[in-house]
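Structure record follows, encoded as structure tokens.
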Amino acid sequence: MSGAVEEGSAEASSSGTAVIGGGLAAAHLVHELRGGGYGKPITIVGDEPTIPYERPPLSKEFLQGNKDIVDFQPFPEEWYAANNIQLRLGTSATSIDVAGKSVALSDNMSISYETLVMATGCRSRIGGRAANMSGWDLPGVHTLRSLEDSQKLKDGFTPGKQLVVIGAGWIGMEVAASARAAGVEVTVLTPDEVPLLVPMGAEFGAHIARLHLDHGVQFRFGTRVEGITLDPEVGLQVMTQTGGVAADLVLLAIGAVPNNELAERAGLQVGTGVLVDAQLRSSDPNILAIGDIAEAFNTTLGRSLRVEHWDNAIRQGKLAASTILGGSESYDWLPYFFTDQFDLGMEYVGDRATDDEVIVRGAMADGGFIVFWTRHGVVTAAMNVNIWDVNDALRGVTGKKIAAERLADTSLDLNTL
Ligand SMILES: Cc1cc2nc3c(=O)[nH]c(=O)nc-3n(C[C@H](O)[C@H](O)[C@H](O)COP(=O)(O)OP(=O)(O)OC[C@H]3O[C@@H](n4cnc5c(N)ncnc54)[C@H](O)[C@@H]3O)c2cc1C
């Protein structure tokens, strides 16, 4: 069988629920399980040395020095001990024996399970679109996924230093904002004509570009990175098709890759992530997958999707607990996410397609506005920018057919739409 556990490994704990990956989804899963009266053993195997924490502050408040690790741990360390959750931190799961229902660990131990939950999340992309890039492993070149990554990046934030951010997605733009707050000079390189083009489209991308330009961020649009070099005389240089860009620090922010390999080797069905049904069960009924790694069937959208966002990790952790406890709830909510950059905060709900019609309610230049996306007159997604306590109303209109004039009419109460 593929993914068999190595011979000679010692048994470390007995059945119950084992979770691979000690991130946000895992934390909410085990919290909900114990809250729901689950009395069997629970073990979390996490390769990071820390108890579960939230990642959004790593590019925002923690990077800016405004939050400490204890401020973004969903549950304190004592909670795990008090609730008899065994934490095997600093330990990787190396293979799964699906027939024997056990997981081999990097410390040469193994754990058995009745139910296994895969919650291995993503890692930073260092290949992909930039697959030919050389020099990503040079000193001074960073990626950002873990607390350790964020700390290392923060250590390099000295006023006047030059940070070159490769990629103008969420993490790239959030780090650009945090670096400016620390007095660091920032240049963002992107092959696109605006930041956030793929997730948000050209109009909002142009708004984000203006915001960053106003705060001193420089952009090189239409720029393809060919590699990074380190010369003792010149320092770091990010090489592009039009020449080199000098840097003291480089952040490679070109997306994330789901940690699917363990599931693949165990023979589970994997698409862009581990394929699971609406109750988050994989092709093996004893194994569930949650969070960034799960490509789950959404009953509202009628298709499977993989979502790399905070809200989804929390909700899927709770839903998996319900499934294990015998509940019949299903994955039926719309994707939601948020960002904070400089004085802009926004929340998005829904599932826009890149060619959906864009309707802006209010004036982008005023700073506070709402964007709707529609397809054949039906709202597919909505976003509130610097306007608060309206996201539930926006969630409520998503999926409804509403005339564009009504959506754009600021004199109409959102709740009456
Ligand atoms: C810098 C940053 C900023 C973000 N900001 C936002 C934001 O503003 N808004 C938003 O909605 N979302 C944001 N996100 C996304 C959000 O943090 C993720 O969607 C969420 O963390 C996913 O939770 P998870 O539990 O699925 O995975 P993770 O939190 O990534 O946890 C997975 C854990 O599993 C571990 N692991 C992997 N393989 C193994 C193995 N074989 N054995 C043991 N352990 C393993 C990993 O090391 C990791 O600790 C951000 C992410 C990052 C990195």
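Quick note: residue numbers are just sequence positions, from 1. One-based numbering, in listed order, for ligands and for the atoms of each.
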For atom 42 (N) of ligand 1, what is the closest protein heavy atom, and at what distance to 0.1 Å? Ala93 N, 3.0 Å
Side chain, backbone, both or neither: which applies to Glu48 and ligand 1 if a contact is any heavy-atom pair less than 4.0 Å apart? side chain
Would you call the rings of His215 and Phe342 parallel, tilted or perpendicular, taking 30° and 60° as the class edges? parallel
Who passes salt bridge (Lys or Arg N to Asp or Glu O under 4.0 Å) against Lys154, sequence neighbours left out? none
With respect to atom 15 (C) of ligand 1, which of Gln316, Glu174, Glu308 exhibits the smallest heavy-atom separation? Glu308
Can you tell me if Asn259 contacts ligand 1 (heavy atom of the residue under 4.0 Å from the ligand)? yes
Subset of ligand 1 atoms that lie under 4.0 Å from at least one heavy atom of Ser59: 1 (C), 3 (C)
Only heavy atoms count here, so choose which of Pro335, Gly21, Ala119 is nearest to atom 32 (C) of ligand 1. Ala119
Show me which atoms of ligand 1 lie under 4.0 Å from any heavy atom of Thr91. 43 (C)
Should you measure from each heavy atom of Ala313, which atoms of ligand 1 turn up under 4.0 Å away? 22 (C), 23 (O)
Tell me, which protein residue and heavy-atom name are nearest atom 47 (O) of ligand 1, and how many Å apart are they? Asp47 OD1, 2.5 Å
Numbering as shown, the atoms of ligand 1 that approach Val45 to under 4.0 Å (heavy-atom distance): 43 (C), 44 (N)
Against the six-membered ring of Tyr38, is Arg34 placed for a cation-pi contact (under 6.0 Å from the centre, within 45° of the normal)? no
Are the side chain of His207 and the backbone of Glu203 linked by a donor-acceptor contact shorter than 3.5 Å? no
Per-atom filter on ligand 1: closer than 4.0 angstrom to a heavy atom of Gly291 are 26 (O)
Which of the numbered atoms in ligand 1 are under 4.0 angstrom from any heavy atom belonging to Ala25? 25 (O)
Quick one: does Asp214's side chain have a donor or acceptor within less than 3.5 Å of a partner on Leu211's backbone? no
If you have a sec, work out which protein heavy atom is nearest atom 27 (O) of ligand 1 and how many Å separate them, to one decimal? Gly121 CA, 3.4 Å
Looking only at non-hydrogen atoms, which of His309, Lys60, Arg55, Met346 approaches atom 7 (C) of ligand 1 most closely? Lys60
Out of Phe338, Trp310, Tyr336, who is nearest to atom 12 (N) of ligand 1 when you count heavy atoms only? Trp310
Give the atoms of ligand 1, by number and element, whose distance to some non-hydrogen atom of Phe337 is under 4.0 Å. 11 (O)
Trp310 vs Tyr336 aromatic rings, parallel, tilted or perpendicular, using cut-offs 30° and 60°? tilted
Identity and separation of the nearest protein heavy atom to atom 4 (C) of ligand 1: Pro56 CA, 3.6 Å
So, does Asp97 use its side chain to make a donor-acceptor pair with the main chain of Ala99 at under 3.5 Å? yes
Does Glu308 come within less than 4.0 Å of Arg125, counting only side-chain N to carboxylate O? no
Glu347 side chain to Phe337 main-chain N or O, any donor-acceptor pair under 3.5 Å? no
Tell me, which protein residue and heavy-atom name are nearest atom 22 (C) of ligand 1, and how many Å apart are they? Asp292 OD1, 3.1 Å
If only atom types and distance count, is the side chain of Arg306 paired as donor or acceptor with the main-chain N or O of Asp292 below 3.5 Å? yes
For atom 30 (O) of ligand 1, tell me which residue out of Gln341, Arg145, His28 has the closest non-hydrogen atom. Arg145
Using a strict 4.0 Å threshold on nitrogen-to-oxygen distance, state whether Glu226 and Arg224 make a salt bridge. no
So between Leu58, Ile314, Ile171, whose heavy atom ends up nearest atom 52 (C) of ligand 1? Ile171
Side-chain (Thr187) to main-chain (Val164) donor-acceptor, under 3.5 angstrom: no
Would you find a donor on one side and an acceptor on the other, under 3.5 Å apart, between the side chain of Asn298 and the backbone of Trp333? yes
Closest protein heavy atom to atom 37 (C) of ligand 1, given as residue, atom name and distance to 0.1 Å: Thr120 O, 3.2 Å
Enumerated ligand 1 atoms positioned under 4.0 Å from heavy atoms of Ile20: 40 (C), 42 (N)
